[in-house]
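Scroll down for the structure; my scribbles are underneath it.
Order of listing sets the numbers, starting from 1, for every ligand and every atom in it.
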Amino acid sequence: MEILEKNDTNLRIIVRDADVPLMNALRRLALAEVPCMAIEEVVMIENSSILQDEIIAHRLGLTPLKTDLDAYNLPEECECQSEFGCPSCRVTLTLDAEAKEGTRTVYSGEIISENPEIIPVSDKIPIIKLAKSQKLKLEAYASLGRGKTHAKWQPVSMCAYKYYPKITTPTEKCPECQKCVDICPKKVYSIKDEKVDVRDLLACNLCMDCIEACPQKPSKLKVEWEKNAFVMNIESTGALPPERVLVESTKLLDKQLKEFEEQVKAEPQ
Ligand SMILES: [Zn+2]
């Protein structure tokens, strides 16, 4: 593996010696199985705004929360087995907002959490607009969950991979058409010493527009992909660091394969 880009929310890596089933399994696990925190239940104490309780609850649910995977259990795996949850599987958050002076927007930063580690990823997410003297007071309960149950529990906003591109440019000078350079939507090519040159190989998404645009048939330009190498991009919602999402995906894959093995063994002959 080679890291191309890494920051708080984005991870771009090259993975070699892998195959499509593995890459796709990791992608699907990141989207549907890696847990993260989201608000699941809301108790409205007062709502004199124009939005219905359900819409506010929905907006709160979709507000990404910073997640501490090591400190909390999934409700279905928690020892308490209680419908109400316990401190190991539930976080209580409160919101008490009022528009005293005039119309104002209530932002996610006003949500107060009992655990300072489990707070909205950004404090600038608008929850609701209140007109003068309108009030919103509520208690919300967040828990871990999985993306396959509801998209609010998806720790990634994007998780995708593509084949590692392999481009062979013509060795001799082309007739001066530059059509491949101009048509490429990702600006992969440039002209260097009157020859087509690859400027940014990894930008190529194998659309083959350059081959089609080439007046020479067959084209001297060759676009292929490496069979066992991939470029993977993981963009986190901010709930978990993107590298943690990938690590959790591999752990889950390992766990699922072991379970599968156990079940195969348990089948009577
Ligand atoms: Zn519990």
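Ordered by chain and number, C78 SG, C80 SG, C86 SG, C89 SG make up the set of protein N, O or S atoms under 2.8 Å of the Zn ion (ligand 1).
Residues M158 and L26 do not share a hydrophobic cluster, defined by chaining ILVMFWY side chains whose heavy atoms lie under 4.5 Å apart. Hydrophobic clustering, with ILVMFWY side chains joined whenever heavy atoms are under 4.5 angstrom apart, groups V181 together with L221.
Membership of an apolar cluster is not assigned to V247, as no side-chain contact below 4.5 Å to another ILVMFWY residue is traced.
Among pairs with a residue in residues 225-238, those fulfilling side-chain hydrogen bond (donor to acceptor under 3.5 Å, both in side chains) read S157-E235, at least two apart in sequence or across chains.
With values rounded to the nearest 0.5 angstrom, D197 atom CG is found 4.5 Å from S190 atom OG.
In this view, Y107 satisfies the side chain to side chain donor-acceptor pair (under 3.5 Å) rule with no residue, not counting sequence neighbours.
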